[in-house]
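Given the structure is predicted, the values throughout are model-derived calculations rather than measurements.
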Amino acid sequence: MKTSLLRAAFLLLAVPVISFSTQAQSNSSDAHLSGRLTDLSSYGVGNVKVTAQLENNPNARIWSAISSPDGAYVFAVPPGRYHIHFQHPSFVARDFVLDLAATENRSLDLRLEIQRVSENVVVTANAQPLDLDHTPAPVDLIGRQEIEQRQAVSLPDLLATQTGVSLARTGTIGGFTTIFVDGGNSSFTKVLIDGTPVNLPGGDLIYTNLTLDNVDKVELVHGAESALYGTDAMSGVIQIVSHQGSTRIPEVNLFAEGGSFSSARGGAQVSGLLHKFDYSVAGSYFHTDGQGVNDAFLNRSFAGNLGYSFSDSNQLRLTVRSNVSFAGTPGQTLLAAFFPPDPTAYDDERQLSGNLSWTFKTGSHWVHRISGMEARFLDTNGFPDLTSPQFSFFETAQFNRAGFLEQSTYSFRQGAVTAGYQYEVENADPNNNSGLHARRNNQAGFLDARWQPLSRLTLSAGARAEANTNFGTRVVPRVGAVYALRYSQGLLGDTRARISYGQGIEEPTIFESFDSDPCNPGDPSLRPQRGRTVNVGLDQYFSANRFRISATFFANQFHDLIDQQQGPANSMCFGGHEKLYFNIDAARARGLNWSGEAHLNHWLVLKGNYSYDDTRVLKAVPTSFPFEQPGNHLLRRPVSSGNLWLNATFRHVNFNLAGYFTGVRTDSDFDSLIIGNVCTGPCLTRNPGYARFDVATNYAFGRGLSFYGRVTNLLDKQYQEAIGFPALGRDFRLGMSYRFTGRN
């Protein structure tokens, strides 16, 4: 009996042991593939999905692995001939075919190339494209998919929904538009189109006719970035990145739409790849009558991106963008009792920018880029002669910026260093009636470096010496750090802390430096306006990165701001005195930018942001407007603002609901009649807040054909982004589009 029990116990133990031994024996014949994935600077690249599938067998099992934060990966597969695929949203995908023998231990290390048009790659905040996780400065990235889902047409409307951005437009579509980033003046944000600066000399920019044709991505970098981009980058940098063709069979997109206010819009885009030549061109036409007297707007746009690859390490690229518009300018309707709407005034704008760049490598560590760039702007304003209504005046302003850039980057293990030189010439004819022609030259040398001493820590630093023919030489630095406090794919996911500090400068405008008006003479000896910014932020992810919350505290200081105060007596001038320019004003802006993103389901996404921006005038001349005196908030910058965006995709339907919320803003009608200290006009200085909702939807019939529609200002809210200029009421558009998706 005892012997039988012992035999039974032995059998019970032997069965799993034999089973385990058999399984182990079968697994012992597996091949093992492992390695480390790094970028061009030898940073480890985590979250790369590595898949293996038997070649020429699409129904075979797929083995997969995810690389660790330091870039390491490993998996085991049965012996065979495998197609190995490496995929990460920020890097160019890589594919290999490997023969893996039984019990073989194969090592495959790769250096992955950054994907410039990826929504996770920052082109603007660094001297070289870098993954967002390693970028110290706060950055907002808006990709092609979001642009199409929201059916955004113009750059201002797209940026107005971003964290820390406030927009002011003098009227409806076609009105003069300004953008403020984190409390800075509208001229404190540098705008680049594929690397070409398009601001007017002195930082001003008319956003009115900047469309999103042929655009793959828009980047917004918060904070002073003059160490990289020189003058005008005082509170932020915006860059438009054009689409690049990538398919052997061309991709074609055609669309046409119409709607309220007699609006009509149509356009086309074609892109593809022909041997070593890639191309992407697009054009559009838009017209609307507007909602009031002399409120029509016409816009024609063209954009092209052409490239030729001599080899994988040697490419030539040309980008061009042209925008031509004509808008009626009726003026401030609020003051109709004093100045009735003007039925004849107009604004004719023409903007053209181009960039020719050559990127090449010399060895495995060196990357060089040589670029030539130019931006032209022509603005013609027409207005009536008050003494003879049958006759009209017009004045034309022409501006031109042309430059040259050379930079070289040396990449080494755990870091990279970039050195560069830039030269720029500015020309301006600010008024055809004055005969004034102004010219100003800038040249600069800069250094920028990043280093990863630890797998969790990325450090960056840089400096630029800018030499201007008027104000001399200024040196502006920047430093930053990103630290990964936690790596996790669990409920409480990755945690990253960021800190950045930068200094910025802005040169005086052409009028401030060279104006020949005897009552408002320019001063070539003006100093540049100065700023410094600090950003401290935290990014927290949840549930395998399906949810994200980000918060950034910012503090901006602005000094040597240019203003006018009373000069010598001159009976020819209004008020009996000349007005002279001085570097005298100061201001600050500090607050909190919060944003969140939730992927509630594979078909439902919710995004939101809130900005608290406490701006203050610190110093001003006594003769400034009352709202510009110390202690007041800066003009047209609300203390509180926010946005919500809901996107749902179900089968053939995509639906978007967007809400914009803006608090009370300091503003002015500017045209009030002030005699002595007595105001005889409206003298408004406060603009009420408002909430607006937009809807956009798309239905895909199949075979590339889609029907779409959108309604802006869904509830027909009456509000003004600038006092005296009512915003557009409810506006609906309906359209059809056809897209032939390109293939390789």
Side-chain angles (χ1 to χ4, degrees), residues 30-55 62-77 80-100 104-123 126-135 141 246 312-313 361 363-367 409-417 450-460 482-490 493-496 539 541 544-545:
D30 285 351
H32 292 79
L33 181 66
S34 62
R36 185 168 182 264
L37 307 175
T38 61
D39 63 12
L40 297 182
S41 299
S42 297
Y43 292 132
V45 181
N47 294 321
V48 178
K49 185 176 182 180
V50 188
T51 60
Q53 186 179 31
L54 287 170
E55 191 184 21
I62 299 176
W63 282 264
S64 65
I66 303 295
S67 65
S68 63
D70 65 351
Y73 72 94
V74 61
F75 59 80
V77 295
R81 185 178 179 85
Y82 284 88
H83 175 256
I84 313 296
H85 181 70
F86 297 84
Q87 181 70 43
H88 189 285
S90 300
F91 295 86
V92 177
R94 298 289 299 274
D95 292 274
F96 296 87
V97 175
L98 300 178
D99 288 311
L100 300 175
E104 179 182 6
N105 290 312
R106 176 75 67 90
S107 178
L108 180 60
D109 296 333
L110 290 179
R111 299 184 72 183
L112 302 178
E113 182 180 352
I114 205 81
Q115 178 64 273
R116 291 177 60 91
V117 298
S118 167
E119 296 182 20
N120 298 310
V121 171
V122 182
V123 177
N126 314 282
Q128 287 288 309
L130 192 64
D131 191 277
L132 181 61
D133 294 342
H134 295 107
T135 302
L141 300 177
S246 59
D312 291 340
S313 59
K361 298 178 181 179
S364 59
H365 296 281
W366 284 98
V367 178
T409 300
Y410 179 79
S411 300
F412 56 93
R413 183 170 179 81
Q414 297 181 320
V417 177
R450 61 181 185 270
W451 181 42
Q452 191 176 15
L454 305 172
S455 61
R456 294 174 177 262
L457 178 64
T458 302
L459 304 175
S460 69
V482 181
Y483 185 71
L485 300 171
R486 174 186 174 89
Y487 285 122
S488 175
Q489 293 294 314
D494 295 351
T495 306
R496 293 185 181 87
D539 302 323
Y541 292 83
N545 296 340

Shortest non-hydrogen pair, Gln452 vs Leu457, comes out as CG-O, 3.0 Å
Of all heavy-atom pairs linking Leu130 and His134, the shortest is CD2-O, 3.4 Å
d(Tyr541 OH, Ser488 OG) to nearest 0.5 Å is 13.5 Å
Rounded to the nearest 0.5 Å, the CG atom of Leu454 sits from the CG atom of Asp70 at a distance of 13.0 Å
Hey, are the side chains of Asn105 and Ser34 touching, using non-hydrogen atoms and a 4.5 Å cut-off? no
**Request:** For the residue pair Val417 and Phe412, establish whether any side-chain heavy-atom pair is separated by less than 4.5 Å.
**Result:** yes
Hey, does Leu33 have a side-chain heavy atom less than 4.5 Å from the side chain of Val77? no
Quick check: Tyr73 with Phe86 (ring centres under 6.0 Å apart)?
yes
inquiry  = If you define the side chain from C-beta out and look only at heavy atoms, does anything of Ile114 sit under 4.5 Å from Phe91?
reply    = yes
Q.
Whether Asp109 and Arg36 form a salt bridge (side-chain N of Lys/Arg under 4.0 Å from carboxylate O of Asp/Glu) is what I want to check.
A. no
Side chains of Asp95 and His83: donor-acceptor distance under 3.5 Å anywhere? yes
Output for pair (Tyr82 OH, Leu100 CG), nearest 0.5 Å, gives 7.0 Å
Practice item. Measure from the side-chain N and O atoms of Arg450 to the backbone N and O of Asn126, and report whether any donor-acceptor pair falls under 3.5 Å. Key: no
Shortest non-hydrogen pair, Asn47 vs His88, comes out as O-CD2, 3.4 Å
Q. Can you find a pair of side-chain heavy atoms, one from Gln414 and one from Trp451, that are under 4.5 Å apart?
A. yes
In this structure, CZ of Arg486 is separated from CZ of Arg456 (nearest 0.5 Å) by 9.5 Å
So NZ of Lys361 and OG of Ser411: to nearest 0.5 Å the spacing works out to 8.5 Å
Closest heavy-atom pair, Gln87 versus Ala93, reported as atoms and distance to 0.1 Å, is OE1-CB, 3.5 Å
Query - Donor-acceptor contact below 3.5 Å, side chain Thr495 vs main chain Leu485 - result: no
Residues Pro453 and Leu459: closest non-hydrogen pair is CG-CD1, 4.1 Å
- Query: Taking C-beta and beyond as the side chain, do Val97 and Arg81 meet within less than 4.5 Å on heavy atoms?
  - Reply: yes
Discussion item. Before we go on, tell me: are the rings of Phe75 and Trp63 under 6.0 Å apart, centre to centre?
Written reply: no
Non-hydrogen side-chain atoms of Val48 and Leu112 separated by less than 4.5 Å
yes
Just checking, any donor-acceptor pair under 3.5 angstrom between side chains of Ser90 and Asp131? yes
Item to check | His85 vs Val50 side-chain heavy atoms within contact, under 4.5 Å | outcome: no
Exercise for review: Output yes when Arg496 and Asp133 qualify as a salt bridge under the 4.0 Å nitrogen-oxygen rule, no when they do not.
Suggested key: yes
